[in-house]
Amino acid sequence: MLNAIHKIQQKLPQLSLSQLNLILSIWLGLGLNIAFYQQIQQLTPYSGGKAGLFIAATVVVVVALYNVLMQLVQWRWNFKILANVLLIIGGLSAYFVNSLGVTITSDQVQNMMQTDIKEVNDLISPQFFIWVFGLVIVPVVVTLLLPIRTEALRTVLGKKALNIVLSLVVMAGLLFVYFVDYAAIFREHRDLKGMLSPQNSIASTFSYYHKKAPKKNLPLVTYGEDAHFVNKSSQGQLPKMMVLVVGETARAESFSLNGYSKNTNPELSQQNIINFSQVSSCGTATAVSVPCMFSGMPRTEYDEQLAGHREGLLDIAQRAGYKVTWMDNNSGCKGTCTRVEKYEFPEKLKQKWCDAEGECFDGILVDALKDYLAAIPKDDHSPRLIVLHQIGSHGPAYFKRSRPEFQKFKPTCNSNAIQGCTSTALINSYDNSIVYTDHVLSELMNTLKTTTNYQTGLWYLSDHGESTGERGLYLHGSPYAIAPTQQTHVPMLMWFSQDWQKHNSAEYNCLVAQKGQKLSQDNLFPSMLSLLGIQTQVIDEKNNMLQQCAHTAQSRI
C-alpha cells in the first residue's frame with residue numbers, strides 16, 4: 001500500500017508551500033461558497049456586466065483574504081493536518097449552506113451540541129454522501145497525496161511575504177473601489193458571514209463556547225420564591241389540571257385555523273378552542289425558544305446563561321403547590337424540566353408507537369396522558385401542570401411525522417433530502433405533519449373531556465416555525481433579525497373544559513377577546529401562572545394576558 005502511494009506521489013507535480021496555500025485558498029474561497037456569491041448577487045445594486053464584475057471582485061477579495069490567512073498559519077510541518085481540518089469543516093458546513101440555505105451561527109452550533117442521534121440520522125441522505133465524497137473526501141485525499149517541494153527557509157519566507165503583500169494590495173484596491181457597496185450590503189445583512197465556509201463554523205463555534213456553552217457548577221438562582229395560590233379551590237370546585245403542549249417546528253401559516261387554504265385542521269376546527277393567530281416565537285430553534293419561553297424573560301431581554309441556572313415557570317408552579325410532570329417525545333427539555341418529575345414511557349407504549357430507531361409518533365403522548373391520568377389516586381386532589389413535548393413537524397424527514405392514515409395531501413416527499421423534492425411534494429409532506437398534530441391535539445382534548453376530577457385546560461404553543469424552500473431557505477435556525485415569518489410566526493391555541501369555563505368565565509372571555517391580537521411566547525410565563533391561580537412578584541404584568549381582566553377575575557366564583 002505504501003509503495004503504491006509513493007508511486008502515485010512520484011507522478012504528481014511537486015508544488016511549493018505557497019502554491020499549495022493559494023490553491024487551498026481558491027478552493028475554500030470559491031469552490032465551497034457558491035450560495036454565498038448567489039446571495040451577494042441578489043443584493044448587488046448592479047445588473048448585467050457590472051454585476052458580474054462585482055461578483056468577480058467579491059470572489060477575489062475572499063480568496064485573497066483566505067490566502068493571507070493560509071500563508072500566515074500554514075507551514076510545511078502542519079500543512080496537511082491543518083488543510084484537511086479546514087477542508088472537512090468547510091465541506092460539511094458548505095453542504096448545509098449550499099443545499100439547505102442554512103446560515104451557520106452560534107445558535108446552530110448550540111443545536112448541534114444538544115441534538116441526538118435520531119435527529120442526526122434525519123439529516124443524512126444520499127445527496128449528503130455524494131457531497132461528502134466529492135467535496136470532502138476527494139480534496140482530502142488529493143491534499144494528502146500532493147508532495148510539497150522542499151525549499152530553503154529564506155525562499156519560503158520570501159514567497160509567503162510576496163503572496164501576503166500582493167493579496168493585501170488586491171484586497172485594498174477592490175475594497176476601495178466597491179467600499180460603498182460592500183458597506184451597504186454587510187451593514188444591512190450581517191448574517192452573510194454565516195454563509196461563508198469554513199469561517200462560519202469556526203467563528204460560530206468560538207462564539208458558542210464564549211457566550212452560550214453552559215457553565216458548569218453554577219449555583220441555582222431561585223426565582224419566584226413568593227409564589228402562592230391567590231385562591232385555592234373553594235367548596236364544590238375541582239382542582240385545576242393544565243396540559244401544556246410544546247409544539248415542534250409548526251408554523252402558523254400552515255394552519256387552516258389561520259386562513260391556510262388547505263384543510264390542515266379538520267379536527268381542531270370542530271373543537272371549542274381559542275385560536276391566537278398573531279403569535280411570534282422567542283427564537284428560531286428549540287434550544288433558544290424552549291428555555292426562553294419558560295424563563296420569564298422577554299425575548300429582547302433573554303439571557304441564555306442566566307436561564308440555564310435559574311428557576312423557571314415549572315419550578316415556580318411546583319413551589320406553589322402544583323404537581324408538575326414533563327413528558328418528552330423530542331430531544332429533551334433543554335434544561336427547563338431539570339427539577340420536576342419526568343414521565344418515562346412504558347414499554348408497551350414504545351412498542352405501539354415507536355420504530356426500531358426509537359423515533360415515536362406523537363400519538364404516544366395521548367396514550368401516555370391516559371396512562372398518567374389512570375394512575376392518579378382517587379384521593380389525590382393536587383392541582384397539576386403536565387407538559388407534553390412533541391416531535392411535531394421536525395424536519396427534514398417530514399414524512400416520518402405523520403401516520404399513513406393522516407397523509408391526505410399527495411404527492412409527498414418521502415426523503416430527508418428535501419432539497420431534491422418538488423415544492424409541491426415537500427409542502428404536502430409538511431402539511432401532513434400538521435394534520436397529524438391536529439389529530440393529536442384533538443385527541444388530547446377528548447381525553448381531558450373524560451376527566452371528571454379536575455377542571456381541565458390545554459395550551460398549545462409551537463417553539464418555532466419552519467422554512468420549506470421559500471427564498472431558498474429550508475429548516476429553521478436563521479438569525480432572528482432576518483428570519484422569515486415562516487420561522488417566527490407560530491401557532492398557539494387554548495381549550496378549556498366546561499367546568500373551567502364556568503368557574504373562570506371572566507378570564508375565559510378575556511382570552512377570547514385577544515385571539516386576533518399580536519402576542520408572543522413572552523406571554524406564556526406570566527399568563528400561565530395567572531391561569532393556574534398563582535401569584536408572585538416575578539409576573540410581568542405587561543405580558544400577562546389576564547391582566548386586563550384582573551379586577552373582574554377576582555370576583556369569580
Side-chain angles (χ1 to χ4, degrees), residues 34-36 38-39 42-43 93-112 115 119 122-123 125 127-128 189-192 194-195 200 204 247-255 258-262 264 278-290 330 390-402 409 412-413 415-435 437 462-491 521:
I34 301 303
F36 171 78
Q38 288 175 336
Q39 186 65 22
Q42 293 179 13
L43 298 173
S93 64
Y95 170 77
F96 294 101
V97 174
N98 288 275
S99 298
L100 298 172
V102 173
T103 302
I104 307 297
T105 64
S106 58
D107 286 342
Q108 294 288 14
V109 174
Q110 183 179 45
N111 291 336
M112 180 186 70
T115 193
E119 292 184 351
D122 285 343
L123 292 171
S125 65
Q127 286 85 340
F128 174 79
H189 303 276
R190 297 182 181 181
D191 57 291
L192 282 172
M195 298 183 68
N200 49 10
S204 295
E248 171 65 56
T249 321
R251 63 188 191 193
E253 72 173 38
S254 295
F255 272 50
N258 295 320
Y260 188 44
S261 59
K262 294 158 72 174
T264 54
Q278 301 294 325
V279 182
S280 59
S281 65
C282 185
T284 60
T286 305
V288 176
S289 285
V290 170
N330 204 306
Q390 286 186 284
I391 191 66
S393 301
H394 195 288
Y398 306 121
F399 67 98
K400 293 183 178 181
R401 306 298 172 232
S402 179
F409 303 116
T412 57
C413 174
S415 168
N416 57 356
I418 55 178
Q419 65 275 31
C421 292
T422 66
S423 177
T424 298
L426 175 59
I427 293 176
N428 281 343
S429 288
Y430 181 82
D431 289 345
N432 287 334
S433 73
I434 300 298
V435 173
T437 287
S462 182
D463 58 352
H464 55 78
E466 185 85 331
S467 289
T468 54
E470 301 83 10
R471 293 166 45 186
L473 297 177
Y474 295 87
L475 305 180
H476 52 267
S478 296
Y480 200 93
I482 56 93
T485 57
Q486 287 85 8
Q487 296 187 31
T488 59
H489 184 198
V490 294
Q521 290 177 346

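Computed from heavy atoms alone, side chains included, the values below leave out hydrogens, waters and symmetry copies.
Panel note: side chain Gln521, backbone Asp463; a donor-acceptor pair is recorded below 3.5 Å. In this structure, the side chain of Ser281 does not engage the main chain of Val490 through any donor-acceptor pair within 3.5 Å. In terms of modelled atom types and a separation under 3.5 Å, the side chain of Arg401 and the main chain of His394 share a donor-acceptor contact. Without hydrogens or angle criteria, Asn330 side chain to Gln390 main chain gives a donor-acceptor distance under 3.5 Å. Remark: the backbone N or O of Thr412 is not paired with any side-chain donor or acceptor of Asn428 at under 3.5 angstrom. Checking side-chain atoms of Gln487 against main-chain N and O of Ser478 turns up a donor-acceptor pair under 3.5 Å. Ser204 places a side-chain N or O within 3.5 Å of a backbone atom of Ile104 that can act as its donor or acceptor partner.
Using a 4.5 Å cut-off on side-chain heavy atoms (C-beta onward), Tyr474 and Pro396 make no contact. Tyr398 has its side chain out of reach of Asn432: every pair of non-hydrogen atoms, C-beta onward, lies at least 4.5 Å apart. Using a 4.5 Å heavy-atom threshold, the side chains of Leu100 and Ile418 count as touching. Residues Pro484 and Arg471 meet the side-chain proximity criterion, which asks for heavy atoms closer than 4.5 Å.
For Phe128, the ring pair (Phe, Tyr, Trp, His ring centres under 6.0 Å) criterion is met by Tyr95, not counting sequence neighbours.
Thr468 and Glu470 share a side-chain donor-acceptor pair at under 3.5 Å.
The side-chain hydrogen bond (donor to acceptor under 3.5 Å, both in side chains) test with Ser393 is passed by exactly one of Ser402, Ser462, Ser433: Ser433.
When every heavy atom of Tyr260 is checked against every heavy atom of Ile427, the shortest pair comes out as OH-CG2, 3.7 Å. Annotation for Thr437 and Gly392: closest pair OG1-CA, 4.1 Å, computed over non-hydrogen atoms. When all heavy atoms are compared, the tightest approach of Leu475 to Gly395 is CD2-C, 4.2 Å. The heavy-atom pair separating Tyr480 from Ser280 by the smallest distance is OH-CB, 4.0 Å. Shortest non-hydrogen contact noted between Phe255 and Ala250 is CE1-CB, 4.2 Å. Between Phe409 and Asp431, the shortest heavy-atom contact is CD1-CB, 3.7 Å.
Taking CZ of Arg251 as the start and CD1 of Ile434 as the end, the distance is 8.0 Å to the nearest 0.5 Å. To the nearest 0.5 Å, the span separating OG on Ser429 from NZ on Lys400 amounts to 12.5 Å. Atom NE2 of His476 is separated from atom CD of Gln486 by 14.0 Å, given to the nearest 0.5 angstrom. Note that the CD atom of Glu466 and the OG1 atom of Thr284 stand 10.5 Å from one another [nearest 0.5 Å]. Remark: Thr103 OG1 to Asn200 CG distance equals 9.0 Å, nearest 0.5 Å. For the atom pair Glu248 CD and His464 NE2, the distance stands at 4.5 Å (nearest 0.5 Å).
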